[in-house]
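After the structure tokens below, expect a handful of questions from me.
Both backbone and side-chain heavy atoms feed into the values below; hydrogens, waters and symmetry mates do not.
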Amino acid sequence: MKKAAILAFSALVFCSSHSFARDSIRAYSISSIMSSEVAKSKLGTDVSFYFGDQSYGKALKDFGGFKTNKKTNAFAKSDEDACNWVFLSAMIALKERAIKEGGNAVVDIKSNYKNNLTSSSETFQCGAGAVMAGVALTGKVVTLE
């Protein structure tokens with residue numbers, strides 16, 4: 001009986017593995033997460049962020065472009081919750097990089113999920129599956145006047 005249960009469970013796991021391979025790529029609202037209290041507390045005001053083609057002031061110094069690629073556990077979370085969480089992690093990484101380089105802004109922030117560069121001032125791209133969610137961003141660190 002024990003062997004039959006183990007065999008049945010193994011077959012179920014191997015046959016249903018395709019359901020764990022889901023990778024739904026969707027666009028989520030930047031303003032929705034950036035206006036949240038958790039984002040405000042984690043990102044602070046030391047570094048400004050400009051997405052897509054948003055205009056910004058004159059750059060006094062350009063420190064170059066940087067990438068971030070973050071993943072998070074999406075198990076038992078909605079895709080939107082997991083994607084918002086991992087987007088915030090990616091934004092924290094860009095903030096920390098700006099501070100490390102001596103900049104006060106990250107401009108031209110774009111989604112780069114699976115090396116598919118997408119520029120938007122309104123949405124970011126996130127890939128979510130049954131177990132993991134991921135966000136990849138690129139941005140240029142600068143010092144603005």
Side-chain angles (χ1 to χ4, degrees), residues 6-145:
I6 291 172
L7 184 61
F9 179 74
S10 297
L12 179 64
V13 169
F14 288 118
C15 292
S16 66
S17 65
H18 63 77
S19 67
F20 291 108
R22 180 176 70 90
D23 188 16
S24 302
I25 301 170
R26 293 198 177 104
Y28 294 93
S29 170
I30 293 169
S31 63
S32 174
I33 186 65
M34 293 296 283
S35 63
S36 72
E37 290 304 315
V38 68
K40 289 177 184 177
S41 69
K42 297 282 186 186
L43 296 175
T45 58
D46 295 339
V47 176
S48 299
F49 302 99
Y50 298 89
F51 297 88
D53 60 359
Q54 287 179 321
S55 62
Y56 50 89
K58 182 180 177 186
L60 300 175
K61 190 165 186 182
D62 184 337
F63 297 93
F66 298 94
K67 297 179 180 182
T68 181
N69 185 357
K70 295 293 182 179
K71 306 278 188 234
T72 193
N73 179 349
F75 185 73
K77 296 179 186 140
S78 71
D79 286 356
E80 185 173 13
D81 287 344
C83 286
N84 284 340
W85 182 257
V86 74
F87 173 77
L88 185 54
S89 295
M91 292 301 297
I92 291 168
L94 287 177
K95 172 193 170 184
E96 290 172 351
R97 187 57 185 242
I99 291 169
K100 178 182 176 186
E101 297 297 323
N104 65 2
V106 182
V107 301
D108 301 328
I109 300 171
K110 299 176 176 107
S111 291
N112 195 31
Y113 191 74
K114 290 195 174 184
N115 291 317
N116 181 20
L117 200 58
T118 307
S119 179
S120 175
S121 59
E122 297 175 6
T123 61
F124 67 93
Q125 299 291 311
C126 176
V131 179
M132 299 292 289
V135 168
L137 301 174
T138 66
K140 187 167 54 168
V141 174
V142 299
T143 299
L144 298 177
E145 14 177 49

>> How close do Ala74 and Gly129 get, counting heavy atoms only, and between which atoms?
In response: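 Closest heavy-atom pair between Ala74 and Gly129: CB-O, 4.0 Å.
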Just wondering, do Ser121 and Asp53 contact through their side chains at under 4.5 Å, heavy atoms?
->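 Touching, per the 4.5 Å side-chain cut-off.
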* Asked: Distance from Phe66 atom CZ to Lys100 atom NZ, nearest 0.5 Å?
  ->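 So the gap between those two atoms works out to 8.0 Å.
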**OP:** Would you check, one step at a time, whether the test side-chain contact (heavy atoms from CB on, under 4.5 Å) holds for Ser111 with Val135?
**Re:** CA-CA 7 Å; Ser111 291; Val135 168; 5.8 Å; no
Student check: side-chain heavy atoms of Phe49 and Lys95 closer than 4.5 Å =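 The answer is yes; the side chains approach within 4.5 Å.
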Taken to the nearest 0.5 Å, the spacing of Leu94 CG from Thr138 OG1 works out to 8.5 Å
Worksheet entry | Exercise: identify the closest heavy-atom pair between Ala105 and Tyr50 |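 Shortest heavy-atom contact: CB-CE1, 4.3 Å.
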- [ ] Kindly say whether Glu122 contributes a backbone atom to a donor-acceptor pair with the side chain of Ser120 at under 3.5 angstrom?
- [x] yes
Drop me the distance from Ser48's OG to Leu43's CG, to the nearest 0.5 angstrom.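 Taking OG in Ser48 and CG in Leu43, the distance rounds to 11.0 Å.
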All heavy atoms of Thr143 vs all of Gly103, minimum pair found to be OG1-CA, 3.6 Å
Taking every heavy atom of Thr72 against every heavy atom of Lys77, the minimum-distance pair comes out as OG1-NZ, 4.4 Å
Locate the shortest heavy-atom distance separating Cys126 from Val86; write the atom from each residue and the value.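 Heavy-atom minimum between the residues: SG-CG1, 4.3 Å.
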How about NZ on Lys71, more than 12 heavy atoms from neighbouring residues, nucleotides or ligands closer than 6.0 Å, or not?
yes
State the CG-NZ distance between Leu88 and Lys70, to the nearest 0.5 angstrom.
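The distance works out to 11.5 Å.
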Q) Is a side-chain N or O of Asn104 found less than 3.5 angstrom from the main chain of Leu144, in a donor-acceptor match? A)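 Looks like yes, one N/O pair under 3.5 Å.
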So NZ of Lys114 and CD of Gln125: to nearest 0.5 Å the spacing works out to 12.5 Å
Shortest non-hydrogen pair, Val106 vs Val141, comes out as CG2-CG2, 4.3 Å
Separation between CG (Asn84) and OG (Ser89), nearest 0.5 Å, reads 11.0 Å
Subject >> Worked check of side-chain contact (heavy atoms from CB on, under 4.5 Å) between Thr123 and Phe51 >> reply: CA-CA 9 Å; Thr123 61; Phe51 297 88; over 6 Å; no
I'd like to check Tyr28 versus Asp79 (side-chain heavy atoms, cut-off strictly below 4.5 Å). Are they in contact? yes
